[in-house]
Amino acid sequence: MTHDPGLPLVPRVIDWFAENARDLPWRSPDRTAWGVLVSEVMLQQTPVVRVEPAWRAWMAAWPEPADLAAASTADVLRAWDRLGYPRRALRLQECARTIVERHGGRVPTEEAELLALPGVGSYTAAAVRAFAYGRRSVVLDTNVRRVLARTAAGAALPGPSQTVAEVRLAESLVPADDATAARWAAASMELGALVCTARSPRCDACPVADLCVWRTAGYPPDVHASRRRTQGFAGTDRQVRGRVMALLRSALEPVPLDEVEAAWPDRAQLTRCVDGLVTDGLVTVVPHPGGPDAGPPTYRLPH
DNA sequence: AAACCGGGGAG
DNA sequence: CTCCCAGGTTT
């Protein structure tokens, strides 16, 4: 390691980041605030490797908020492809429309303005301020939570939900000036993504291994392990919704009811899920041309 | 605080 | 097979 053992945690991680940052398109010098916002929404629960190609295609199609605001929702949902949680795509388009109507087509800079946008929560608002505008903010995502849990709190993993104490700890570490704070935000996230990983951390490559409380304590096990439960996916409504959306994304014409029903064996569950998709605005029902009594409807993505 | 919301790849 | 991923919204 080339780090200075005398340096505290924050500058060491920042120095490490200068040498080890991934070359991601939303970090390019010619990135826009809109591009950063799009990346942050896509990265909500979707890994970087799957976001990158979708982000490139998305930004080529809709380089500014006004472009996305004017797009067909069906095109938007197809471009979202299989990133998962397609309500995020809807919110991102609503977000673009809000930016056009309320902010003249420019991504706002104030935290309260960002938080008021659809699909933007505390993490995304802080991330946009830091990465798009270089402003000081407390960026606390799953990576930073894990880095702080280990290095400072001595825990194997952070708890299931974010606590006030964690936010305070994170706040206490953020450098005072804008540029360094923004660098720390990116650096701490990157350390969590590349070195201080959840499954098998690469402590041999960690610039702060010698001052990590978790490591010094001999890697005590995760105290939340017994309470942690996996979400499960097979057979859930989420899987059924995904099936239906995949079917409609690939369809060039509205899909007849019987073909939608063929996508899942449990009729009651399928009906519930399709109704939910309609309620969410992800699916549109096209009544039978002769009226509801003349025959079954067809289904398509919203225009 | 807990539930809900996708999908894929690593281990 | 389980776990995890640059979370947000709703109840």
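A, B, ... follow the sequence lines: proteins, then strands. Residue 1 opens every chain.
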**Message:** Donor-acceptor pair, distance only, cut-off 3.5 Å: does the side chain of Arg241(A) make one with the backbone of Pro86(A)?
**Reply:** no
**Message:** Any residue in residues 24-57 of chain A with a heavy atom nearer than 4.0 angstrom to DNA chain B? Just list them by number, or reply none.
**Reply:** Gln45(A), Thr46(A), Pro47(A), Arg50(A)
**Prompt:** How many Å lie between CG on Asp222(A) and C1' on dT2(C), as a whole number?
**Reply:** 15 Å
**Item:** No-hydrogen, no-angle side-chain donor-acceptor test under 3.5 Å, Ser137(A) and Glu111(A)
**Value:** no
**P spacing across the pair dG11(B) / dA6(C), given as an integer number of angstrom** = 14 Å
**Request:** Could you tell me the separation between the CG atom of Leu282(A) and the P atom of dC5(B), rounded to a whole number of Å?
**Result:** 12 Å
N/O to N/O distances under 3.5 Å, protein versus nucleotides 1-4 of chain B:
from   : atom 1 : to        : atom 2 : distance (Å)
dA3(B) : OP1    : Arg229(A) : NH2    : 3.4
dA3(B) : OP2    : Arg229(A) : NH2    : 2.1

**Prompt:** Side-chain donor or acceptor of Arg199(A) under 3.5 Å from a matching atom on the base of dC4(C)?
**Reply:** no
**Prompt:** Whole Å only: how far is the CD atom of Gln239(A) from the P atom of dC5(B)?
**Reply:** 13 Å
**Side-chain donor/acceptor of Arg88(A) to backbone N/O of Met42(A), under 3.5 Å** = yes
**Asked** Does one side chain, of Tyr299(A) or Glu259(A), offer a donor that lies under 3.5 Å from an acceptor on the other?
**Response** no
**Asked** Within the structure, does a side-chain N or O atom of Thr124(A) lie under 4.0 Å from either OP1 or OP2 of dG7(C)?
**Response** no
**Message:** Please report the distance, rounded to the nearest Å, between CD in Glu94(A) and C1' in dG8(C).
**Reply:** 13 Å
**Prompt:** What residues, two or more places apart in sequence or in another chain, satisfy salt bridge (Lys or Arg N to Asp or Glu O under 4.0 Å) together with Asp237(A)?
**Reply:** Arg272(A)
**Message:** Is there a side-chain contact between Arg88(A) and the phosphate of dG7(C), meaning an N or O under 4.0 Å from OP1 or OP2?
**Reply:** no
**Asked** Does Arg106(A) pair with Glu64(A) as a salt bridge, N-O distance under 4.0 Å?
**Response** no
**Request:** Answer yes or no: are there more than 12 heavy-atom neighbours, outside Arg22(A) itself, under 6.0 Å from its atom CZ?
**Result:** yes
**Item:** Donor + acceptor pair across side chains of Arg31(A), Ser39(A) (<3.5 Å)
**Value:** no
**Item:** Length of the line joining Trp184(A):CH2 and dA6(C):P, which is rounded to integer Å
**Value:** 16 Å
**Asked** Trp80(A) CH2 to dG8(B) C1': how many Å, rounded?
**Response** 15 Å
